Amino acid sequence: MSEDDKKQRDPLKSIYHDSIVDNPGHFKQLINHNTGLLCIDLQYLDAVEGFGVFREPEKSGVPKEGRDYYFGRLKETVLPNVRLLQDAFRSCKLEVMHTRIQSLTQDGRDRSPGHKRLDLLAAPGSKEAEFVEAVAPVGDEVVVNKTASGVFSSTNFNFVLSNMGVNALFVCGVYTNECVETTVRAASDLGYFVTMVGDACATVTPYLHEASIATLKDRYARVVTTEEALEDLARFAGVESSSML
């Protein structure tokens, strides 16, 4: 592809890259320990075979090929990478935070209209509301319950981050093109320095995952690999990346 073709595809890329993505503020927040890891919706509702959305796989709307891809990516790549990130952030004494879909009521009458239309329900105390064990919260890590795609639009999470002095986020979780993308966009709009860890996110097709990455990268977030994220922590927040791999 020629340079002219690239400019036509995204003529504002350099402007956004310089101001949003390549901004030294990302690393300043790590140095000052004002950065947190946000793990999105890694729970039985949508990230474990045979439960929640996938309790009856054929009725999930996701064909077998998509289910195989999604759960294979979770098992082989995403969950191990999320755990590496969690361990590294904890070693640096940086906040590790978790969102999950969970209603306030057993019948879900408090859910957003969108979740009601989707018949998406994880009641308090249900298996669907439980986190995947390998990447579950530890100690008193912040857990934010939500019944909408974006955590910022539907909860007091922005207020909580402000109270804790968190100005930058590394984001991982599921689905890349839904809750992850919505959260990344909102965080960027609210002024957070956002880093999306691409190989610690998943959705039900490679196309949807890659399309979200292409849209968010160099616009709303830095997009890095888990290895690159660990290198950032090693360089700016004091944890040895080699010990995490």
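Just so you know, these numbers come straight off a predicted model, no measurement behind them. As a basis for the values below, the full set of heavy atoms in this structure was taken, side chains included, without hydrogen atoms, waters or symmetry mates.
Counting only N and O atoms by type, the side chains of T147 and H115 include no donor and acceptor under 3.5 Å apart. Neither side chain, D189 nor Y220, offers a donor N or O lying under 3.5 Å from an acceptor on the other. Between the side chains of S149 and E178, no donor-acceptor pair of N or O atoms lies under 3.5 Å.
Under the 4.0 Å criterion applied to side-chain N and carboxylate O atoms, K146 and D41 are assigned as salt-bridge partners. With respect to E231 and R235, no salt bridge is recorded, no charged nitrogen being found less than 4.0 Å from a carboxylate O.
One N or O on the side chain of T176 and one on the backbone of A202 form a donor-acceptor pair closer than 3.5 Å. Side-chain N or O atoms of S162 include none that pairs as donor or acceptor with a backbone N or O of N158 at under 3.5 Å. A donor-acceptor contact shorter than 3.5 Å is absent between the side chain of D199 and the backbone of T225. Between the R111 side chain and the L120 main chain, a donor and an acceptor come within less than 3.5 Å of each other.
In this view, F27 and F236 satisfy the ring pair (Phe, Tyr, Trp, His ring centres under 6.0 Å) rule, not counting sequence neighbours. Residues passing the ring pair (Phe, Tyr, Trp, His ring centres under 6.0 Å) test with Y69, sequence neighbours excluded: none.
When the shell of 6.0 Å around CD of E65 is examined, it contains 12 or fewer heavy atoms from other residues, nucleotides or ligands. For CZ of R83, the number of neighbouring non-hydrogen atoms (other residues, nucleotides, ligands) closer than 6.0 Å is 12 at most. Annotation: K75, atom NZ; neighbour count of heavy atoms from other residues, nucleotides and ligands within 6.0 Å does not exceed 12. At most 12 non-hydrogen atoms from other residues, nucleotides or ligands lie less than 6.0 angstrom from CG of D119.
Considering R55, Q43, R100 in turn, R55 is the only one that fulfils the side-chain hydrogen bond (donor to acceptor under 3.5 Å, both in side chains) rule with E128.
At a threshold of 4.5 Å between non-hydrogen side-chain atoms, the residues V204 and Y70 count as touching.
Between F157 and F152, the two ring planes are tilted [angle within 30° to 60°].
The distance between the ring centers of F131 and Y44 does not fall below 6.0 angstrom.
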